[in-house]
Amino acid sequence: MANLSRRALAFGLPLGLVGGSALQILTTGHSAAEAPAAGPAPSPVAARVTPLAQIRVGRFTVTALTDGYADMPYTFFPGRTAAQVEQAAVSQFVARPSGVRFVFNQYLIEDGARRILLDTGPAGSIGQTGALPQALAATGLRRDQIDAVIVTHMHEDHMGGLVVGGQNNYPNAELYIDQRDVKHWTDPAKRAGAPDYLQNSFRMASEVVKLYPRLQAIDGEREVAPGVSIIDLTGHTPGHIGVRVADAGQSLIMVSDMLFPVVHPHATDVGFLFEQDRAAAKAMRDRFFPLAASEGALIAATHMPFPGLGRVVLDRGQMRWQVADWALQS
């Protein structure tokens with residue numbers, strides 16, 4: 001794997017949101033010599049090339065992995081009609097008959113002492129997914145070598161890999177989840193009144209609590225390891241959190257479901273079907289996007305096209321997503 005570095009800039013965001021540029025490493029995958037023997041055509045989550053992308057943030061190596069993808073119907077974005085969302089997708093050259101493509105990006109944070117994974121993907125419960133174990137294997141790691149998992153919120157597409165198969169799949173990992181989400185998603189009354197599309201999340205949340213005795217229900221913003229901090233991004237769910245990785249004047253903010261493709265960041269009033277509190281989610285976007293744009297914060301977003309790295313920029317009075325120029329730099 002080639003390691004190509006560049007100068008990094010540091011930016012200061014108020015309220016604990018600090019962004020910056022990062023050293024970069026070439027995207028990698030399996031070589032042709034490692035391809036499986038001839039047989040049935042591989043499924044989308046068993047592709048011969050596993051997409052990986054790495055950046056350096058000070059002493060940290062952050063690897064973008066993916067569990068796969070799913071297409072979200074155009075009707076899933078309250079605040080705009082399905083026709084308006086589809087037209088936006090057409091104008092961005094990403095329209096598909098089945099809707100807006102959501103990639104499920106996960107991020108592995110390493111500093112030589114600890115391996116911390118941000119989210120675990122839906123693991124087959126949604127769309128063409130279940131590739132995260134293969135992606136980890138491409139880095140030379142097994143799930144039992146992960147020291148900690150931070151779950152940004154308890155929707156199934158962020159925690160499914162923890163409990164797929166009804167077992168603890170990260171047996172040596174400490175688990176960090178905001179206590180507000182733990183309380184919400186394990187409340188029988190809330191489960192009973194929830195729509196069908198959220199039932200999988202409630203079921204998985206109960207399995208997570210049962211199967212992970214090392215679960216830490218965290219309270220508020222805190223540092224979970226030197227240089228790795230939780231930031232509060234509540235709104236999408238009651239305990240929706242992000243993660244900031246910072247060292248040596250460089251930083252990366254992982255914002256999870258603060259950003260969705262096609263509709264964000266230019267329209268903060270567009271939500272998503274699964275959001276628990278649409279007003280709070282909009283308020284958080286209204287607060288975060290201008291700060292990120294003014295400071296040039298480097299962002300990792302779960303559902304943006306792989307590897308999900310970019311910036312919110314202000315372009316002729318409108319905010320837009322600028323893909324980070326992270327690869328093949330010197």
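The figures here come from the full heavy-atom set of this structure, side chains too, leaving out hydrogens, waters and symmetry mates.
With hydrogens and angles disregarded, no donor-acceptor distance shorter than 3.5 Å links the side chain of D315 to the backbone of Q318. A donor-acceptor contact shorter than 3.5 Å is absent between the side chain of D277 and the backbone of G235. Between the side chain of D247 and the backbone N or O of G58 there is no donor-acceptor pair closer than 3.5 Å. Put simply, the side chain of Q106 never gets that close to the backbone of L117: no donor and acceptor are under 3.5 Å apart. A donor-acceptor pair is defined here as one N or O able to donate and one able to accept, closer than 3.5 Å; such a pair exists between the side chain of Y212 and the backbone of L162. Listed for the Q84 side chain is a donor-acceptor partner under 3.5 Å among the backbone atoms of T81. Listed for the D67 side chain is a donor-acceptor partner under 3.5 Å among the backbone atoms of A123. Without hydrogens or angle criteria, T129 side chain to G124 main chain gives a donor-acceptor distance under 3.5 Å.
Take A89 and apply the side-chain contact (heavy atoms from CB on, under 4.5 Å) test, not counting sequence neighbours, and it matches Y74, V94, A95, V262. For the salt bridge (charged side-chain N to carboxylate O under 4.0 Å, His left out) test, residues two or more places apart in sequence or in another chain that qualify with R101 are D71. Considering only residues two or more places apart in sequence or on other chains, V313 meets the side-chain contact (heavy atoms from CB on, under 4.5 Å) condition with R311, R320, Q322. Checked against salt bridge (charged side-chain N to carboxylate O under 4.0 Å, His left out), D147 has no partners two or more places apart in sequence or in another chain. For T152, the side chain to side chain donor-acceptor pair (under 3.5 Å) partners at least two apart in sequence or on another chain are D119, H158, S256. Scanning for salt bridge (charged side-chain N to carboxylate O under 4.0 Å, His left out) contacts around D144 gives R142, with sequence neighbours left out. For A194, the side-chain contact (heavy atoms from CB on, under 4.5 Å) partners are L198, Q199, F202, not counting sequence neighbours.
The heavy-atom pair separating H264 from V270 by the smallest distance is NE2-O, 2.8 Å. A pairwise comparison of heavy atoms in F306 and A53 identifies CZ-N, 3.9 Å as the closest pair. Across all their heavy atoms, M154 and W185 have their closest contact at CB-CD1, 3.4 Å. A pairwise comparison of heavy atoms in A324 and L298 identifies CB-CD1, 3.8 Å as the closest pair.
Applying the salt bridge (Lys or Arg N to Asp or Glu O under 4.0 Å) test to every pair with at least one member in residues 80-98, sequence neighbours left out, gives these pairs: R80-D269. Annotation: salt bridge (Lys or Arg N to Asp or Glu O under 4.0 Å) contacts involving residues 194-208, sequence neighbours excluded, comprise R203-E207. Counting only residues at least two apart or on different chains, the salt bridge (Lys or Arg N to Asp or Glu O under 4.0 Å) pairs with a member in residues 181-191 are D187-K190. Among residues at least two apart or in separate chains, ring-ring contact (aromatic ring centres under 6.0 Å, His included) pairs with a member in residues 232-254 are H153-H236, H153-H240, H155-H236, H236-H240, H236-F260. Residue pairs meeting the salt bridge (Lys or Arg N to Asp or Glu O under 4.0 Å) criterion with at least one partner in residues 166-178, sequence neighbours excluded, are R114-E174, D178-R180.
With contacts defined as side-chain heavy-atom distances shorter than 4.5 Å, the pair V228/F60 qualifies. For the pair V151 and L175, the minimum side-chain heavy-atom distance is below 4.5 Å. Between W321 and H266, the closest side-chain pair of non-hydrogen atoms is not below 4.5 Å. Two residues are said to be in side-chain contact when any heavy atoms from C-beta on lie closer than 4.5 Å; L108 and V62 fail this criterion. Using a 4.5 Å heavy-atom threshold, the side chains of P226 and R59 count as touching. At a threshold of 4.5 Å between non-hydrogen side-chain atoms, the residues L273 and R278 count as touching. Two residues are said to be in side-chain contact when any heavy atoms from C-beta on lie closer than 4.5 Å; I299 and L309 fail this criterion. Between L291 and V312, every side-chain heavy-atom pair lies at or beyond the 4.5 Å cut-off.
By the criterion of side-chain heavy atoms lying less than 4.5 angstrom apart, applied directly or through intervening Ile, Leu, Val, Met, Phe, Trp or Tyr residues, V85 is not grouped with V90; the two fall into different hydrophobic clusters. Both I126 and V163 belong to a common hydrophobic cluster when Ile, Leu, Val, Met, Phe, Trp and Tyr are linked at side-chain heavy-atom distances under 4.5 angstrom.
Side-chain contact of T63 with Q54: a donor-acceptor pair under 3.5 Å is present, judged by distance alone. Counting only N and O atoms by type, the side chains of N105 and T302 include no donor and acceptor under 3.5 Å apart. Checked by atom type, the side-chain pair Q276/T237 shows no donor-acceptor distance below 3.5 Å. Remark: the E156 side chain and the S125 side chain contain an N/O donor-acceptor pair separated by less than 3.5 Å.
Considering CD1 of I146 and CG of L141, their distance stands at 5.5 Å, rounded to 0.5 Å. How far CD1 of I241 is from CD1 of I150: 6.5 Å, rounded to the nearest 0.5 Å. Within the model, atoms OG1 of T120 and CG of L132 stand 7.0 Å from one another, a figure rounded to the nearest 0.5 Å. Atom-to-atom distance recorded for I231:CD1 and M258:CE is 8.0 Å, nearest 0.5 angstrom. Going from atom CZ of R143 over to atom CG of N169 covers 4.5 Å, rounded to the nearest 0.5 Å. Put simply, CE on M254 and CD1 on I230 are 10.5 Å apart, with the number rounded to the nearest 0.5 Å.
In this structure, F104 has its ring center at least 6.0 angstrom away from the ring center of Y69. Ring to ring, F102 and F76 are not that close: their centroids are 6.0 angstrom or more apart.
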